[in-house]
Every structure is written in C-alpha cells, then in structure tokens.
K.L.:
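Take a look at this one; I'll ask things after.
Note that the structure is a prediction, hence the values are computed from the model and not measured. Naming: A, B, ... by sequence-line order, numbering from 1 per chain.
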Protein chains: 2
Amino acid sequence: MTATRMTRQRAALLDALRDGGFRSAQGWHERLRADGSTVGLATVYRGLQALSESGEVDTVVTDSGETLYRHCGPGEDEHGHHHHLRCRECGRAVDIDVPGFETIVAELASHHGYRDISHTIELSGVCPECAAAARD
Amino acid sequence: MTATRMTRQRAALLDALRDGGFRSAQGWHERLRADGSTVGLATVYRGLQALSESGEVDTVVTDSGETLYRHCGPGEDEHGHHHHLRCRECGRAVDIDVPGFETIVAELASHHGYRDISHTIELSGVCPECAAAARD
DNA sequence: GTCGTTCTGCGAATGATTATCACTAGGCGT
DNA sequence: ACGCCTAGTGATAATCATTCGCAGAACGAC
C-alpha cells in the first residue's frame, strides 16, 4: 500500500494550512519559509496536491490561472461538497450552501441527456473588512 | 480611438469560431491552419482575447489550466449572462439557465456582507453522442 | 497611390507547475 | 537501539500555455 509518511515538511504544511484562507502554492511556500521551515517549493506542490486528492484541501483556480489552496474539512466528510465565497483581496472565504443547486443541476443535465455531470461554482467578492479598507 | 481593423486573420478566426463548441486557443489555431489560413499562434491568442473582452466569446478554464473559447452572442446581449453545460469529450455545449441562481447568490453575498460579487458556474458532463460512442 | 497606425509573425521570455534524480530520513522488523 | 527499504525531499531542468518585443506587412482614410 501507499504509506504516507509524516515528515517535518508535511507537518509544517498542515500546520500553516490551518490558519484558513486561500493561498497559492507559492504563497504557502513563502509562508513556510517565513515561519522558519526550510521547505522546497516542489515539496509544497506535492503536499498540496496530495492533500487535495485526499480531500483535505479545496482548490480554486483564479482568472490568471494560478491554483489556490485552502484547508478544509478534516476528511470525514467525503460527501461534504460545498462552495465558497472568497474575498478577492485577502483570500478569506466563507463556506456557503446553495440550497437545491445540486438537484437543479441534475435535472438540467438529464434534461439534455448529459451524464457524469460535475460542477464548479466560484463565487468571489470583497469582504466587509477589505471593502472598508479600500474605502480608505 | 482604437480602431479595430478587419484583417484576413481576424476574419478567419471569426469564421472558424462560428461552428460553435469550446476549443483552446491552440485548438482554434490548429483549426485555422487546417483550413488553410496561415495564422500565427500569438495572433489567435490576441484575437480571442480581444473578442472575449468585447463579449463575443465566452471563456472557461479547464482543470488543467488551459482556457477554452467559444463564440457566443454577437454582442448585443451585454446582460446575457448565462452558463454552459459542456461535454468533456467533444466540447459541444448547450446554454443553460439556472433559475433563480443570481438572486440566491446576491442574497448569500449580502448576508455575509460581501460586495462586488462575481460568480462562475462550470458544468461539464458527457453528451449523449459521446456517451453512446464511449459505450462502443 | 501614399501614409500613419494597427496588426501580424516569429521567436524569445514569462510564470506556474511538473519531472528528474541523487540524497535524506521515516518507520517497521529485529 | 540498528539497519534497511522505500517514500519523501530539494535544487534544478523541463514543460506547457500564454504573453512580449519588434521588424515588417497590411488596413483604410486621404
């Protein structure tokens, strides 16, 4: 089996990840270095990728094409499909729930004969704090 | 003012674009070459970018990070914000309308105090034809 | 046809991500 | 505690989509 070892780097990543908010892979890398950990960029990418596959981090892709990562449910919610409302400025995000959306999507899909539907909802805006800050 | 000239390349792009379906920039480029036009890749990128800004093409970003382009409303529907159900296999897409979604989003946003909300909905699946073809 | 601008094409540059590969270090068995 | 085996690490090279820079070509108004 594929044993996953808990290394110093991985622990550091998980730890940093814990303070919520979306950050790019390189962003998390910087943060780790800032915290004193000597972690390679490649390792951060690998770690984030692994975590995203195991469902421990969510990922979103920005307009500019970079992938943002964020710590999410510990793992026990395999069903836990939810969405985010992310702040364009600071990356802070709140989990949201769009009632009935999944159902509507399923109906639309079958209506058109499409199968194996997957959906992505990306909501972004400016959070109260950043809006206030921007107002100067 | 910024006069937009109708060049051979741009015409060819618009023409190719007309047969619907999402394709990557490089995909459209290939198609143009296949049709006999000698167009540079950079030109295709520039053209698609311009068209997307003027609202004549829709863009979506795939998981792998490439941007797909597709001809859309001639331009008169500035309000025409709609979504797509795209086939993962052939790129064919149908326009869909998620009733009430915009409203729900607006409510959620204001509930959390977020402003200037923008949203993206990405629906993809396998269309009937491709599903049948895949079934062999 | 002439001219000023915009557009095109090419290749080089960028930026994010992934692969490579020799080396380090978890961690299980003893 | 000791060693071994393998997964993990890190620096760098490679990849891939996209953008830039610039010399020359092509629009289209006069």
Side-chain angles (χ1 to χ4, degrees), chain A residues 1-17 22-54 56-70 86 88 91 122, chain B residues 1-17 21-54 56-70 86 88 91 120 122:
Chain A
M1 71 182 80
T2 343
T4 302
R5 295 175 184 169
M6 181 52 60
T7 62
R8 171 177 58 79
Q9 297 77 341
R10 200 174 291 267
L13 176 57
L14 283 169
D15 192 54
L17 234 20
F22 279 100
R23 252 198 184 68
S24 67
Q26 320 213 28
W28 287 115
H29 180 234
E30 276 178 35
R31 192 182 195 308
L32 288 172
R33 307 290 281 217
D35 282 358
S37 300
T38 59
V39 198
L41 179 56
T43 301
V44 174
Y45 272 104
R46 275 184 294 238
L48 288 171
Q49 191 173 343
L51 289 170
S52 103
E53 275 166 18
S54 70
E56 293 184 69
V57 303
D58 283 329
T59 65
V60 305
V61 180
T62 65
D63 311 325
S64 58
E66 43 178 11
T67 307
L68 302 183
Y69 303 82
R70 175 214 189 207
R86 182 172 56 82
R88 261 191 291 279
E122 215 355 64
Chain B
M1 72 188 87
T2 342
T4 302
R5 295 176 182 170
M6 181 51 61
T7 62
R8 171 176 60 76
Q9 296 77 340
R10 200 174 291 267
L13 176 57
L14 282 169
D15 192 55
L17 233 20
F22 279 100
R23 254 198 184 69
S24 67
Q26 319 214 29
W28 288 114
H29 180 235
E30 276 178 36
R31 194 182 193 304
L32 287 173
R33 307 290 282 217
D35 283 357
S37 300
T38 59
V39 199
L41 179 56
T43 302
V44 174
Y45 272 104
R46 278 183 291 236
L48 289 171
Q49 191 174 347
L51 289 169
S52 103
E53 275 167 17
S54 69
E56 293 183 68
V57 302
D58 282 329
T59 65
V60 304
V61 180
T62 65
D63 310 325
S64 59
E66 46 180 9
T67 307
L68 303 182
Y69 302 84
R70 175 210 189 210
R86 181 171 55 82
R88 261 191 290 276
T120 302
E122 221 345 72

K.L.:
Quick one: pull up CG in Leu51(B) and CG in Asp58(B) and give me the separation to the nearest 0.5 Å.
P.N.:
11.5 Å
K.L.:
Nearest 0.5 Å, what's the OG1-CZ distance between Thr43(A) and Arg8(A)?
P.N.:
9.0 Å
K.L.:
Pull out every residue in residues 60-69 of chain B that has a heavy atom closer than 4.0 Å to any atom of DNA chain C, ordered by number, or say none.
P.N.:
none
K.L.:
Could you run down nucleotides 23-30 of chain D 5' to 3' and tag each one B, S or - for protein heavy-atom contact under 4.0 Å?
P.N.:
---BBS--
K.L.:
Checking the side chain of Trp28(B) only, and the main-chain atoms of Val44(B) only, is there a donor and an acceptor separated by less than 3.5 Å?
P.N.:
no
K.L.:
Rounded to whole angstrom units, what separation is found between the CD atom of Glu53(A) and the P atom of dT17(C)?
P.N.:
15 Å
K.L.:
side-chain contact (heavy atoms from CB on, under 4.5 Å) with Val60(A): which residues, sequence neighbours excluded?
P.N.:
Phe22(A), Leu68(A), Arg86(A), Glu122(A)
K.L.:
Just verifying a value: how many Å separate Leu32(A) CG and Leu13(A) CG, rounded to the nearest 0.5 Å?
P.N.:
6.0 Å
K.L.:
Just to confirm, is there a sub-4.0 Å distance from OP1 or OP2 of dA16(C) to any side-chain nitrogen or oxygen of Gln26(A)?
P.N.:
yes
K.L.:
Minimum heavy-atom separation for His29(B) and Gly40(B), please, with both atom names.
P.N.:
NE2-C, 3.8 Å
K.L.:
In whole Å, I'd like the distance from the CG atom of Leu14(A) to the P atom of dG8(D).
P.N.:
13 Å
K.L.:
I need the minimum non-hydrogen distance between Tyr45(B) and Ala25(B), along with the two atoms involved.
P.N.:
CE2-CB, 3.3 Å
K.L.:
Between the axis at one end of the helix from dG1(C)-dC30(D) to dT30(C)-dA1(D) and the axis at the other (five pairs apiece), what's the angle to 10 degrees?
P.N.:
30°
K.L.:
Could you give all pairs that pass the salt bridge (charged side-chain N to carboxylate O under 4.0 Å, His left out) test and reach residues 33-54 of chain A, with sequence neighbours left out?
P.N.:
Arg31(A)-Asp35(A)
K.L.:
Working to the nearest 0.5 Å, report the span between CG of Leu48(A) and CZ of Arg23(A).
P.N.:
11.5 Å
K.L.:
For Leu32(A) and dT9(D), give me the distance from atom CG to atom P, rounded to whole Å.
P.N.:
12 Å
K.L.:
If you round to the nearest 0.5 Å, how far is OG1 of Thr59(A) from CD of Gln49(A)?
P.N.:
10.5 Å
K.L.:
Scan residues 38-51 of chain A against DNA chain D and write down, sorted by residue number, each residue with any heavy atom closer than 4.0 Å; if none is found, say none.
P.N.:
Thr38(A), Val39(A), Gly40(A), Ala42(A), Thr43(A), Arg46(A)
K.L.:
Supply the atom-to-atom distance Arg10(A) CZ to Thr4(A) OG1, rounded to the nearest 0.5 angstrom.
P.N.:
6.0 Å
